There are 2 protein chains.
Amino acid sequence: MTHPKNDEKDEFDLQNFLPFLLNQAAEASSLEFQQVYKNRFGMLRTEWRVLFHLGNYGEMTARDIGQRAKIHKTKISRAVRKLEQRRFLRRIRDENDRRAERLSLTQMGTSAYRELRSIARNYDGKLVAQFTTAEAELLRTMLRRLAGLD
Amino acid sequence: MTHPKNDEKDEFDLQNFLPFLLNQAAEASSLEFQQVYKNRFGMLRTEWRVLFHLGNYGEMTARDIGQRAKIHKTKISRAVRKLEQRRFLRRIRDENDRRAERLSLTQMGTSAYRELRSIARNYDGKLVAQFTTAEAELLRTMLRRLAGLD
DNA sequence: GGATAATAGTTGTTTTTGTAACTAACAAGG
DNA sequence: CCTTGTTAGTTACAAAAACAACTATTATCC
């Protein structure tokens with residue numbers, strides 16, 4: 001019978017594999033916040049992200065959002081439609097490039113954004129509270145690096 | 001207009017929101033490795049994880065795996081069936097508790113595991129190479145903490 | 001100008017996931 | 001034993017994601 005465990009010197013554990021760890025951390029740390037935009041606003045993750053981008057950066061096209069957040073265009077297309085149906089955003093055809101449409105939040109969208117942003121901010125604070133300021137800062141820097149942002 | 005507390009001064013950027021950052025980092029950093037188990041072995045993420053757990057920790061039940069990796073039992077059930085069909089694992093009904101089945105890798109499963117583990121190890125090394133050893137160590141510690149592991 | 005390629009966004013179809021309900025086996029208390 | 005509750009795992013159905021093909025518009029370049 002082979003012994004899968006210690007064939008060679010093997011300090012490689014799944015629980016140390018960075019992609020696994022990152023994924024577990026991401027899932028665990030988004031769970032609670034997810035409840036908010038799901039239960040309170042009936043939103044999906046992508047919808048929340050689109051809302052957040054528009055609230056955060058102002059008027060953008062679907063393409064802009066997709067590029068910045070690395071979300072596929074079909075997901076964005078569907079999220080935009082839902083947000084529009086719920087009167088959270090409006091779209092205006094760009095007359096300089098009639099393929100694109102400029103998206104922006106309505107009053108309702110803005111107020112939902114504000115509420116969610118405030119909750120997100122508190123939530124982030126809570127997550128980060130278990131680390132020192134320096135640690136948290138380093139963590140974000142490393143994550144941005146791994147994410148290929150910056 | 002009313003002034004909710006967190007409304008005006010806004011240093012809160014989506015790209016600093018930890019759940020978002022974690023998710024982006026997780027996706028970006030698993031993309032390349034995903035290609036390996038997808039294209040080379042036709043596996044899904046959960047299948048790879050089950051394989052890895054069995055390879056790493058030896059014989060386990062579906063429940064054990066689910067608890068350790070926080071994977072839902074239906075996902076595991078499906079992954080196990082596929083891995084069994086591909087002759088990567090076998091199941092043996094536990095005679096002490098006939099509800100459970102003890103899962104273990106076949107020869108084929110073990111060899112796939114070994115190959116994937118080696119690729120994963122290199123891949124992890126590559127990811128971590130952009131940080132100092134201390135930084136990487138801290139990163140893993142923080143992620144484990146966020147993930148609720150340990 | 002006109003063919004060809006590229007881009008913004010949508011729609012249709014297939015996979016994969018999530019959720020709930022289910023079977024079969026065990027556990028505990030009466 | 002026998003009801004009630006719990007656990008391991010599966011299955012059926014609904015929701016969401018992935019993937020491919022599509023329309024409409026703009027850009028390229030001969």
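A quick note: this is a predicted structure, and the numbers were derived from the prediction, not measured.
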Protein and nucleotides 19-24 of chain D: nitrogen or oxygen contacts under 3.5 angstrom:
none

Would you say A:L44 ends up clustered with A:L51 if hydrophobic residues are merged whenever their side chains have heavy atoms under 4.5 Å apart, either directly or through other cluster members? no
Per nearest nucleotide of DNA chain D, the residue lying toward the 5' end, B:V80 or A:K75, is B:V80
Determine, using the 4.5 Å side-chain heavy-atom cutoff (strictly less than), whether B:M43 and B:M108 are members of one ILVMFWY cluster. yes
Among D:dT10, D:dT26, C:dA25, the one nearest B:E101 by side-chain distance: D:dT10
Mind checking whether A:L31 and A:L116 sit in one hydrophobic cluster, side chains of I, L, V, M, F, W, Y counted as touching below 4.5 Å? no
Give A:I76 one of three labels, base, sugar-phosphate or nothing, depending on what nucleic acid heavy atoms sit under 4.0 Å from its own. nothing
Length of the line joining A:Q34:CD and C:dT19:C1', which is rounded to integer Å: 14 Å
Can you list every pair that meets salt bridge (charged side-chain N to carboxylate O under 4.0 Å, His left out) and has a residue in residues 15-38 of chain B, with sequence neighbours left out? B:E32-B:K126
B:R91 near the nucleic acid: base, sugar-phosphate alone, or nothing, with a heavy-atom cut-off under 4.0 Å? sugar-phosphate
For DNA chain D, whose closest nucleotide is more 5', that of A:L44 or that of A:D94? A:L44
A:E115: side-chain hydrogen bond (donor to acceptor under 3.5 Å, both in side chains) partners, not counting sequence neighbours: A:R40
A:K70 and A:A147: which non-hydrogen atoms are nearest, and at how many Å? NZ-O, 2.8 Å
Which of the following nucleotides, C:dG9, D:dT11, D:dG9, is nearest to the side chain of A:A62? C:dG9
Out of C:dG9, C:dC26, D:dT10, which nucleotide sits closest to the side chain of B:D97? C:dC26
